[in-house]
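Working notes, beginning with the structure itself.
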Number of protein chains: 2
Amino acid sequence: MVENKNKDQNTEQKILEAAKAVFLERGLDGARMQDIADKAGINKALLHYYFRSKDKLFDVIFLEAAARFLPQLGELFGSDLPLFEKIEKFVHTYIDLLQENPHLPLFVLNEMQKVDGKAFFEKLWKGKKPAVHILAKQIDQAVKEGLIRPIRPVHLLLNIVSMSIFPFVARPIVKMGWGVDDTQFRGLMEERKKVVVQFVLDSIRK
Amino acid sequence: MVENKNKDQNTEQKILEAAKAVFLERGLDGARMQDIADKAGINKALLHYYFRSKDKLFDVIFLEAAARFLPQLGELFGSDLPLFEKIEKFVHTYIDLLQENPHLPLFVLNEMQKVDGKAFFEKLWKGKKPAVHILAKQIDQAVKEGLIRPIRPVHLLLNIVSMSIFPFVARPIVKMGWGVDDTQFRGLMEERKKVVVQFVLDSIRK
DNA sequence: GTCTATAACAGGATAGAC
DNA sequence: GTCTATCCTGTTATAGAC
């Protein structure tokens with residue numbers, strides 16, 4: 001249980017990678033254990049040997065995906081950067097993340113809806129819930145100081161997050177509606193790093 | 001085939017309503033014919049009598065949902081309203097739509113990813129593809145006239161659409177992250193109608 | 001740990017009576 | 001048109017040999 005960790009690690013790692021790929025693309029209901037086994041280069045029985053059941057395996061993947069997608073930002077929100085820099089850093093970080101993990105947001109959003117108000121969130125941010133209130137205070141403060149136009153923190157935050165994430169979620173529509181291929185789409189998202197930041201600052205800055 | 005339309009209409013209608021509810025909440029893979037039958041107050045066999053197969057039934061629902069979600073805007077994009085009013089109307093229309101159909105966007109986005117570059121879009125906008133290029137021209141024009149700050153039409157459009165739709169897609173996260181219940185969420189989205197329009201105008205207007 | 005073979009079951013689809 | 005009963009395929013899960 002300690003000695004053979006290398007062997008385990010290898011297979012277990014292969015399974016996790018395969019499962020991640022399949023689940024993220026097809027979702028819990030759409031994924032097939034057979035596909036995961038194939039992609040991992042093993043057989044179904046071994047999946048159960050390692051993870052007992054499909055649901056158990058899914059939980060591992062989902063939790064990790066959600067953790068990547070969501071509270072990575074806790075630190076950023078809570079940091080003591082000036083507001084404008086915080087916004088810039090947020091947008092860049094998030095768009096970079098999604099460039100590398102295009103299926104991430106839709107997967108998480110989708111599966112999250114099925115569990116909804118569950119105690120799932122507790123498990124997700126164990127104790128250290130994203131410090132969204134710190135950012136909120138910072139925004140309120142900036143308004144009070146007359147540094148930015150009046151806006152409720154929720155809305156400003158929602159705006160920034162929306163503009164950063166949504167295009168990836170709507171990828172097929174963007175591609176069809178605007179007639180771009182994958183490469184062009186990538187370029188477009190790259191552009192957005194600057195565009196979104198500029199857009200936000202233009203809006204809130206007096 | 002003409003005489004008994006009333007009877008048919010009733011059952012068929014019940015089925016369609018039930019199917020819509022179940023499919024929108026669970027997706028194609030997650031939906032169970034049994035659940036649809038139950039919700040419609042009939043039995044499985046009758047579903048097949050009316051719609052032959054699960055896939056066929058799904059196609060009806062999906063196409064209608066996509067049609068509601070997407071190209072309803074064609075008219076708006078193509079209209080001859082001034083830019084600022086067009087933006088305002090768009091945001092209000094869309095948020096109203098989603099207030100009444102909260103599951104719509106995630107459902108469409110999600111299922112759309114599975115078909116992706118398919119000839120599906122052809123079927124969707126039969127001939128009358130949303131007149132997105134008209135809006136694009138209008139934006140370019142406004143930039144050239146110095147009416148608004150320079151911005152590429154794709155990005156402006158993406159920004160507006162993102163801010164209008166994304167919060168509904170991320171509903172569970174918003175609710176948990178900000179600690180609001182359904183009623184408060186509704187109020188928040190209602191607020192956004194004005195907030196988003198204001199935000200956009202503040203950003204682009206010189 | 002890893003495999004093959006098979007059990008166990010869920011869920012979509014059909015037959016046939018009414 | 002609507003129902004009950006049943007079939008049948010695909011998929012998760014387990015048994016047991018190596």
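All chains are named by letter (A, B, ...) in the order of the sequence lines, taking the proteins before the strands, and each is independently numbered beginning at 1. A quick note: this is a predicted structure, and the numbers were derived from the prediction, not measured.
The aromatic rings of F185(B) and F168(B) sit perpendicular to each other, their planes meeting at more than 60°, with 30° as the lower class boundary. Taking the six-membered ring where the residue is Trp, F62(A) and F120(A) present parallel rings, their angle staying beneath 30° rather than reaching 60°.
Contacts with DNA chain D (heavy atom under 4.0 Å) in residues 35-47 of chain B: I42(B), N43(B), A45(B), L46(B), listed by number. Interface residues of residues 15-22 of chain A facing DNA chain C, ordered by number: none; criterion, heavy-atom separation under 4.0 Å.
Just one of L57(A), I61(A), L46(A) meets the side chain to side chain contact (heavy atoms under 4.5 Å, CB included) condition when paired with F51(A); it is L57(A).
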Under 3.5 Å, sequence neighbours excluded: what are the donor-acceptor pairs made by side chains of residues 19-31 of chain B?
unit_1: D29(B); atom_1: OD2; unit_2: K114(B); atom_2: NZ; d: 3.2

When the side chains of residues 153-163 of chain A are checked against the rest of the protein, which donor-acceptor pairs come out under 3.5 Å, sequence neighbours left out?
unit_1: H155(A); atom_1: ND1; unit_2: R192(B); atom_2: NH1; d: 3.2
unit_1: H155(A); atom_1: NE2; unit_2: E191(B); atom_2: OE1; d: 2.7
unit_1: N159(A); atom_1: OD1; unit_2: R192(B); atom_2: NH1; d: 3.2
unit_1: N159(A); atom_1: OD1; unit_2: R192(B); atom_2: NH2; d: 2.6
unit_1: N159(A); atom_1: ND2; unit_2: H155(A); atom_2: O; d: 3.4
unit_1: S162(A); atom_1: OG; unit_2: L158(A); atom_2: O; d: 2.6

Enumerate donor-acceptor pairs with a distance under 3.5 Å from any side-chain N or O in residues 197-204 of chain A to protein atoms, sequence neighbours excluded.
unit_1: Q198(A); atom_1: NE2; unit_2: D202(A); atom_2: OD1; d: 3.1
unit_1: S203(A); atom_1: OG; unit_2: F199(B); atom_2: O; d: 2.7

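Atom CG of D55(B) and atom P of dG12(C) are 10 Å apart (whole Å). Following rounding to the nearest Å, D29(B) (CG) and dG10(D) (C1') show an atom-to-atom distance of 13 Å. L57(B) has its CG atom 10 Å from the P atom of dA13(C), to the nearest Å. Between the C1' atom of dT12(D) and the CZ atom of F23(A) lies a distance of 12 Å, rounded to the nearest Å. F58(A) places its CZ atom 18 Å from the P atom of dT11(D), with the value rounded to the nearest Å. Atom-to-atom, CD of Q34(A) to P of dC3(C) comes out at 12 Å; the value is rounded to the nearest Å. Rounded to whole Å, atom C1' of dG12(C) lies 12 Å from atom CG of L28(B). Distance CZ (F51(B)) to P (dG1(D)): 12 Å, rounded to an integer number of Å.
Applying the ring pair (Phe, Tyr, Trp, His ring centres under 6.0 Å) test to pairs two or more places apart or on separate chains, none has a residue in residues 24-47 of chain B. Every pair passing salt bridge (charged side-chain N to carboxylate O under 4.0 Å, His left out) that includes a residue from residues 78-99 of chain B is listed here, sequence neighbours excluded: D96(B)-K193(B).
Nearest to the side-chain atoms of K54(A) among the listed nucleotides dT12(D), dT2(C), dG12(C) stands dT12(D). Side-chain proximity of Y50(B) to the nucleotides dA13(D), dG12(C), dG1(D) is greatest for dG1(D). Nearest nucleotide to the S53(B) side chain, out of dG1(D), dA13(C), dT12(D): dA13(C).
When the side-chain nitrogen and oxygen atoms of T11(A) are compared with OP1 and OP2 of dG1(C), none of them lie within a distance under 4.0 Å. Residue R32(A) places none of its side-chain N or O atoms closer than 4.0 Å to OP1 or OP2 of dG10(D). Residue R52(B) places at least one side-chain N or O closer than 4.0 Å to OP1 or OP2 of dT14(C). Between H48(A) and dT14(D), a side-chain N or O to OP1/OP2 separation shorter than 4.0 Å is absent.
For D59(A), the side chain to side chain contact (heavy atoms under 4.5 Å, CB included) test picks out no residue, with sequence neighbours left out. With sequence neighbours excluded, the residues satisfying side chain to side chain donor-acceptor pair (under 3.5 Å) with D38(A) are Q34(A).
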